[in-house]
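Atoms within a ligand are numbered from 1 in the order they appear, just like the ligands themselves. Index from 1, following the sequence.
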Amino acid sequence: MSATVTLFDKTFRRSISHEQLIEAISRVGRQITLDYAHKECPLFLGVLNGAFMFMGELLQHIDLNCEVSFVKLASYSGTATTGKVQELIGLSKSIEGRHVIIVEDIVDTGGSIDHLYQLLTVHHPASIAVATLLFKPSSYNKTYKIDYPALEIPDKFIVGFGLDYNQLGRNLKDIYELATE
Ligand code: IMP
Ligand code: MG
């Protein structure tokens, strides 16, 4: 894979290799497997579109009977958060009494995860935990604990492994960060 990619008007530089991603995801998968060993059939709830690659890899490192589902909650249209969070689409099955693990691509300000957390809580799950491929601790402004961050990154806009810039870049197998001009 090349060291830089161009998406529309922007250049991105490779910052996290595929191997580093897989290693971090397998660590999270092993930890979740240990933590949920004695809990009844957890439900992995992926947040589309960004979490599809992380979910696919993470589940290969989960050694538990579990269920998988996806919801949609979009809040981004460019390189800056809009502050507007949309409604939850796709929660077709009851999560009452279930151990839910939210699977996110990235937690930035925490706005999306906070909103999703509130929307899920009203359905009375047994528990909610958050697994995210990437976590930007310096821009996170919520108090809720992020249970399973695979990798912590600085506050830079990134693409790849499911994450996009205006819908492009999701197919990249490594993570690329916006190159400063
Ligand atoms: P938050 O609500 O600020 O935590 O942002 C969460 C959502 O914004 C993520 O689920 C992503 O869809 C998107 N997002 C945040 N940071 C980035 C980034 O660096 N690249 C691409 N998407 C991002
Ligand atoms: Mg997202």
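- Between Pro42 and the choices Asp35, Leu64, Val68, the side chain to side chain contact (heavy atoms under 4.5 Å, CB included) rule is met once, by Leu64.
- Selection from Ser139, Gly50, Ser112 by nearest heavy atom to atom 6 (C) of ligand 1 gives Ser112.
- Judged by a 6.0 Å distance limit and a 45° cone about the ring axis, Lys39 is positioned over the six-membered ring of Tyr36.
- By the 6.0 Å contact criterion, CG on Asn65 is open, its count of non-hydrogen atoms from other residues, nucleotides or ligands being 12 or less.
- With a 4.0 Å cut-off on non-hydrogen atoms, Asp105 touches ligand 1 through its side chain and not its backbone.
- Interface atoms of ligand 1 facing Lys156, defined by a heavy-atom separation under 4.0 Å, are 19 (O).
- Counting atoms of ligand 1 from 1 in the listed order, those under 4.0 Å from a heavy atom of Lys136 are 16 (N), 17 (C), 18 (C), 19 (O).
- For ligand 1, the atoms closer than 4.0 angstrom to any heavy atom of Asp164 are 21 (C).
- A heavy-atom separation below 4.0 Å is found between Ile158 and ligand 1.
- With hydrogens and angles ignored, the 3.5 Å screen pairs no side-chain donor or acceptor of Glu57 with any backbone N or O of Met53.
- Remark: distances from the non-hydrogen atoms of Gly110 to ligand 1 include one below 4.0 Å.
- Partners of Glu177 under the salt bridge (charged side-chain N to carboxylate O under 4.0 Å, His left out) rule, at least two apart in sequence or in another chain, are Lys156.
- Residue contacts with ligand 1 for Glu104 involve side-chain atoms from C-beta outward but no N, CA, C or O (heavy atoms, distance under 4.0 Å).
- With sequence neighbours excluded, the residues that form a side-chain contact (heavy atoms from CB on, under 4.5 Å) with Gln20 are Ile16, Ser17.
- Contacts with ligand 1 closer than 4.0 Å are made by side-chain heavy atoms of Leu163 only, the backbone lying farther away.
- On a distance-only criterion, Phe157 and ligand 1 share no N/O pair closer than 3.5 Å.
- The aromatic rings of Tyr140 and Phe135 stand perpendicular to each other, their planes meeting at an angle above 60°, with 30° marking the opposite boundary.
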